[in-house]
There are 4 protein chains.
Amino acid sequence: MRQVPAKLASKLYGAAELIAERGLADAKVDEIADAAGIPKATLYYYFSGKDEVLAFLLADMLELIAGEVGTAASAPGSARDRLESAVEAQLAVMLDHPAVCRALVGDLGRATRLPELAAALQEAFHRPIASLLAEGVSDGTLRQVEDPGAVALSIFGAITVTGLSAAVDGSSNDSAKDAARIAASICDLMLNGLATTPANPEGDR
Amino acid sequence: MRQVPAKLASKLYGAAELIAERGLADAKVDEIADAAGIPKATLYYYFSGKDEVLAFLLADMLELIAGEVGTAASAPGSARDRLESAVEAQLAVMLDHPAVCRALVGDLGRATRLPELAAALQEAFHRPIASLLAEGVSDGTLRQVEDPGAVALSIFGAITVTGLSAAVDGSSNDSAKDAARIAASICDLMLNGLATTPANPEGDR
Amino acid sequence: MRQVPAKLASKLYGAAELIAERGLADAKVDEIADAAGIPKATLYYYFSGKDEVLAFLLADMLELIAGEVGTAASAPGSARDRLESAVEAQLAVMLDHPAVCRALVGDLGRATRLPELAAALQEAFHRPIASLLAEGVSDGTLRQVEDPGAVALSIFGAITVTGLSAAVDGSSNDSAKDAARIAASICDLMLNGLATTPANPEGDR
Amino acid sequence: MRQVPAKLASKLYGAAELIAERGLADAKVDEIADAAGIPKATLYYYFSGKDEVLAFLLADMLELIAGEVGTAASAPGSARDRLESAVEAQLAVMLDHPAVCRALVGDLGRATRLPELAAALQEAFHRPIASLLAEGVSDGTLRQVEDPGAVALSIFGAITVTGLSAAVDGSSNDSAKDAARIAASICDLMLNGLATTPANPEGDR
DNA sequence: CATGAATGAGCATTCATTCAT
DNA sequence: CATGAATGAATGCTCATTCAT
């Protein structure tokens with residue numbers, strides 16, 4: 001994969017919607033090129049094939065998310081506050097790039113197959129949450145749980161599925177507001193739980 | 001789609017792993033037939049094509065999940081207890097059928113496109129949770145939240161992503177035990193939250 | 001490469017002319033299929049690609065030549081007489097199948113690359129001549145030469161190039177007669193030499 | 001085709017091996033440029049395309065052969081002696097440029113299609129031999145044969161195939177010596193024949 | 001002069017699907 | 001009923017060639 005010129009990169013985003021809509025396998029290279037407004041052969045000049053185009057787009061978005069989430073996670077404040085910010089940051093990026101985001105999930109199965117993608121996902125989404133959980137225990141703003149890995153994964157799942165669902169719906173126009181609203185719901189659940197009886201830190205079973 | 005003989009159905013499960021691994025679009029009909037150990041043409045005798053094979057497998061699993069989760073959700077006991085049972089039931093089925101489960105998620109993007117599948121997913125996974133949330137408010141074992149839809153979706157996401165992750169790993173041999181362990185973590189998070197300060201029912205923002 | 005039905009094989013000969021005329025690389029698969037009167041996909045059902053089609057045709061012809069030449073070489077009579085018969089036999093087959101023969105030479109370069117083809121060539125053309133040379137020395141009808149390998153190769157070259165030239169010209173209609181005439185010239189040269197002075201068995205240098 | 005700088009010309013010989021190995025059609029322009037160590041676009045600055053590159057190389061070699069053979073053929077001495085010299089000269093040039101020589105033969109089929117190449121071949125190889133045959137009859141050092149054209153072609157074939165075979169083998173390091181050895185064998189055959197019985201000038205059939 | 005970047009046109013190959021037996 | 005053989009239709013990709021710099 002050659003160094004992709006910024007101009008080309010921006011054009012490629014025009015194809016993300018297509019890939020999201022139809023899935024990579026059903027999006028013809030011709031169509032992708034058309035959607036991006038470039039000759040098909042030019043795609044092949046820069047990428048080795050379809051897959052690499054998607055990989056490029058995903059990598060781009062994951063980097064963006066990793067950046068935003070990382071910023072939120074490393075801001076000053078309690079780990080708990082930063083966790084809330086991180087949740088909102090991830091949702092914000094997802095809702096800002098609904099097409100790429102849907103493409104990502106549409107080919108999430110691929111994540112199972114492409115270790116590279118799996119690693120990037122881990123880096124962008126999962127690790128920051130896991131870190132914040134640990135920091136929260138240290139600074140006393142979050143309680144200790146038995147299996148932090150499973151909990152981090154759960155939170156990641158809650159954010160991702162809700163974000164994806166919103167990205168698919170795509171009804172609203174104010175993505176920042178949507179992100180904030182959804183983040184609030186998730187954080188409420190994540191921090192306060194649903195139980196009416198006093199919290200039982202040892203779990204319920 | 002003709003009535004599928006049980007013998008054939010069981011053989012088809014042998015192809016689920018392949019579909020999970022490669023995605024439906026990248027799994028050639030030849031390969032699917034080979035994996036199932038039947039002639040390609042026989043597939044076409046019973047199914048109208050690739051898609052119907054996957055649909056058959058998914059329908060099978062979704063029905064199973066819907067059944068298990070439905071049973072758990074309609075058992076006697078508090079809504080809160082039943083919610084916990086439902087979470088574990090969903091995880092148990094997922095871990096019992098990791099290949100089909102991965103195939104399902106691998107082609108989750110398809111859910112965006114196939115209304116039928118989306119509806120079945122909704123029915124099997126999402127609705128039971130939403131119902132239990134409402135019942136919990138009624139019977140006082142779960143607190144009222146601001147956006148029950150978003151919360152239900154979050155819980156669904158937490159279960160699904162954690163379950164999928166476990167299905168992909170597939171390291172353990174005792175899936176029932178795994179399901180119980182993961183369910184405990186999720187339920188702990190879901191019910192008790194992570195906050196150390198007293199729960200703030202009004203949310204945190 | 002699947003077992004090629006006789007009917008298909010015979011149809012394929014219709015494509016030999018095309019390959020001979022244009023060279024394998026410049027003969028489009030579509031054209032080959034058209035020339036043979038079969039669907040392109042059927043070609044791919046039986047062969048792995050263009051190359052295998054040519055290989056099949058060549059193998060077929062080489063086998064034919066090997067047979068004819070072998071018959072001539074193992075007939076009763078002196079080695080010298082049989083050598084003459086073999087020369088004519090080779091020429092006869094070449095002139096009987098000018099298209100395949102030209103295709104063979106057109107892609108003779110390929111012989112350098114495909115060991116399989118080189119071996120078949122060796123078997124069909126070269127070895128029988130070399131054997132006859134040795135037998136001629138034994139039965140006293142041919143004289144001993146210093147480098148029998150080089151001489152066999154020279155004879156092979158003389159036959160092949162003359163035969164090819166005739167195949168390319170393709171003017172005459174009586175290929176058997178042509179073969180006999182050319183064979184006579186080659187045999188005269190090969191047996192009697194061009195020198196006017198008495199033969200000098202030790203060579204001339 | 002622009003005037004080709006000597007430096008470039010010499011670099012191009014580095015590509016002859018590639019063309020010999022793969023055939024012109026299968027040698028990508030990129031590869032040829034790489035093999036020559038020059039940018040692809042530079043090739044197009046000097047040549048109109050692939051074909052012209054090969055043509056340049058072949059013309060170069062054919063000119064060389066024509067020169068060497070011509071020199072040998074027009075030296076003082078009997079026609080018979082000069083024929084021997086010409087045979088060795090051709091073999092010497094072929095073994096001196098094995099790659100170009102193989103490329104030439106590899107695309108010999110092309111000779112069927114490119115009249116220009118056929119003419120050059122005729123000029124370089126065939127005509128000198130035919131002339132010498134005639135001169136030999138005149139000066140009494142070679143006997144009259146029935147079909148001088150066929151005999152000349154046979155001799156040409158013997159030389160070419162033996163030379164090519166040696167070029168492909170390429171085992172030896174002393175090409176001049178190889179040429180001499182092979183030439184001796186061919187001349188022995190060509191002049192003295194293989195028959196043990198007294199030469200029968202009327203042919204053997 | 002020489003060349004890196006870009007592309008138009010072409011084509012081999014794949015694969016889901018059909019159907020006679 | 002089940003299937004081996006056959007194929008129509010589609011598409012990913014290659015590569016020779018151009019041209020602005």
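Chain identifiers are assigned alphabetically (A, B, ...) following the order of the sequence lines, protein sequences preceding nucleic acid strands; residue numbering begins at 1 within each chain.
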### Query
Out of E:dA16, F:dT18, F:dG4, which nucleotide sits closest to the side chain of B:Tyr44?
E:dA16

### Query
Counting only N and O atoms by type, is there a donor-acceptor contact under 3.5 Å from the side chain of D:Lys40 to the main-chain atoms of D:Val29?
no

#### Entry: Side chain of A:Val29 (C-beta onward), nearest among F:dG12, E:dT17, E:dG4
F:dG12

### Task
Just call it for C:Lys40: base, sugar-phosphate, or nothing, with non-hydrogen atoms closer than 4.0 Å on any strand.
base

### Query
From the list E:dT3, E:dC15, F:dT3, which nucleotide is the closest neighbour of the side chain of C:Ala41?
E:dC15

### Query
How close or far is atom P of F:dG12 from atom NZ of A:Lys28, stated in whole angstroms?
6 Å

### Task
Answer with base, sugar-phosphate or nothing: what part of the nucleic acid does B:Tyr46 contact at a heavy-atom distance below 4.0 Å?
sugar-phosphate

### Task
By nearest nucleotide on DNA chain E, pick out whichever of C:Lys50 and A:Ile38 is the more 5' one.
A:Ile38

### Task
Return yes if some donor-acceptor pair links the side-chain N/O of D:Glu31 with the main-chain N/O of D:Lys28 below 3.5 Å, else return no.
yes

### Message
Please determine whether a side-chain nitrogen or oxygen atom of D:Thr42 lies at a distance below 4.0 Å from atom OP1 or OP2 of E:dT3.
### Response
yes

### Query
What nucleotide among E:dG4, E:dT14, F:dG12 has an atom nearest to a side-chain atom of A:Asp30?
F:dG12

### Task
Quickly work out the C:Phe47 CZ to E:dT14 P distance and round it to whole Å.
15 Å

### Task
Tell which nucleotide pairs with E:dT18, taking only Watson-Crick or G-U wobble pairs whose two distances are both under 3.5 angstrom.
F:dA5

### Task
Figure out the OH/P separation between B:Tyr45 and F:dA5, and round it to whole Å.
20 Å

